[in-house]
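The figures that follow rest on heavy atoms only: side chains count, while hydrogens, waters and symmetry mates do not.
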Amino acid sequence: MADISATARVGNFGFRLVDLRPDDGMAPGVLFTTRPQFIGNISSSWAVASEETGDLNLYADELAGNGHTAFKPLTARADIPGASATTRMSGRFGTPASRFTLVTKGSLRNDADTPRTRLFTGMAIASSDERLHFELTPYTALQFFGNAQVAAARTLTGPATFQEFAEARVEARFTSAPFRVESYRLSAGVNPDTGLRQAVSQRMRFAFTNDTAEANSGFLDFDVFVRGETVDLPGFGSRLRMAQFPLQSPVPEPGSGALLLCGLGLVGAAARRRRA
């Protein structure tokens, strides 16, 4: 049984093409390409679990990535006693008949009688940093769709030395029309100032519409993310931690996923040095 948990999932993700001028004699079409950079992965699956108890620190993480392929099936898992995180991407993407799934989840136990801080984090990145590009034929709409679900839960109901936080989110940045960038976000979160559980399900839909007589291109960034933590805040209540753990964090800027992974790598290295 978990005291803190979070899950973010997108299932049956795919796309369809819509001919905006069916009488013009031109069949709708799309070409997906990736634009690799020298550093970082286009697609990655990453999981972290950590614990601090006095002078003893436990840390586990796993990162699976592919530098040149978007929507790559990948898995990662991290486990320590009392905390775990898993991420998984599966399926196919690239044709109208293809379907892809992203799932990340984590859980931990809150031992309120022991001076212990625990954390889980998971992230599945289907494409990042504006590197999955598509080129669309004239007078064509590229419609993306999927089933998005996010949930976060905690167990403590009253004041306690150890506070509980959890969040889950689904995010996408995409070109909706030539030279126009928009975003999609679905999130759930709990903290000491909210209820014990929040869950949201939604049929996600967004599109790139090329209503011009020329071929046009756009991009898609897409990921799911979870995080949960129990932290010792004696004498501070929840206000101090909420400054670092907002329920509605902003949509990340391009490249923030890669920066996040690099930063967590440094945190993990530091934790391992402390443990040694």
Atom of Asn12, atom of Arg99 and distance for their closest heavy-atom approach: OD1-CD, 3.0 Å

Within-4.5 Å side-chain heavy-atom neighbours: Thr87 and Thr75: no

Check: Pro96 and Arg16 side chains under 4.5 Å, non-hydrogen atoms: no

Test log, rule side chain to side chain contact (heavy atoms under 4.5 Å, CB included), inputs Ile125 and Trp46: CA-CA 8 Å; Ile125 304 173; Trp46 156 70; over 6 Å; no

Short side-chain to backbone donor-acceptor contact, Glu164 and Thr155, under 3.5 Å: yes

Set of ring pair (Phe, Tyr, Trp, His ring centres under 6.0 Å) partners for Phe206, sequence neighbours left out: Phe144, Phe174

Val10 side chain reached by Phe100 side chain, heavy atoms, under 4.5 Å: no

Test item: Thr140 side-chain N/O and Pro138 main-chain N/O as donor-acceptor pair under 3.5 Å: yes

Residue pairs fulfilling salt bridge (Lys or Arg N to Asp or Glu O under 4.0 Å) with at least one residue in residues 201-211, sequence neighbours excluded: none

Heavy-atom closest pair, residues Ala168 and Thr7: CB-O, 3.3 Å

Flag for Glu214-Tyr139: side-chain donor and acceptor within less than 3.5 Å: no

Closest heavy-atom pair and its distance - Ala148, Tyr184: CB-OH, 3.8 Å

Nearest atoms (heavy-atom pairs only) where Met89 meets Lys72: CE-O, 3.5 Å

Ring geometry between Phe32 and Phe134 (parallel below 30°, tilted from 30 to 60°, perpendicular above 60°): perpendicular

Sole residue of Phe93, Phe71, Phe145 in ring pair (Phe, Tyr, Trp, His ring centres under 6.0 Å) with Phe15: Phe93

Leu136 and Leu17, any side-chain heavy atoms less than 4.5 Å apart: yes

Phe208 and Val30, any side-chain heavy atoms less than 4.5 Å apart: no

Check: Arg227 main-chain N/O paired with Glu167 side-chain donor or acceptor under 3.5 Å: no

Note, Leu132 side chain near Phe222 side chain (heavy atom, < 4.5 Å): no

Partners passing side-chain contact (heavy atoms from CB on, under 4.5 Å) against Ala177 (at least two apart in sequence or in another chain): Arg180

Phe219: ring pair (Phe, Tyr, Trp, His ring centres under 6.0 Å) partners, not counting sequence neighbours: none

Chi angles and distances behind the side chain to side chain contact (heavy atoms under 4.5 Å, CB included) call for Gln163, Thr230: CA-CA 5 Å; Gln163 303 293 313; Thr230 176; over 6 Å; no

Flag, side chain of Asp3 to backbone of Asn110, donor-acceptor distance under 3.5 Å: yes

Asp79: salt bridge (charged side-chain N to carboxylate O under 4.0 Å, His left out) partners, not counting sequence neighbours: Arg77

Shortest non-hydrogen contact between Ala78 and Ala47, atoms and distance: CB-O, 3.6 Å

Electrostatic pair Arg173:Glu171 at N-O distance under 4.0 angstrom: no

Under 3.5 Å: donor-acceptor pair, side chain of Thr104, backbone of Val224: no

NZ/NE/NH1/NH2 to OD/OE distance under 4.0 Å, Glu51 and Arg118: yes

Ser127 (side chain) donor-acceptor with Leu220 (main chain) under 3.5 angstrom: yes

Val103: side-chain contact (heavy atoms from CB on, under 4.5 Å) partners, not counting sequence neighbours: Arg9, Arg88, Thr101

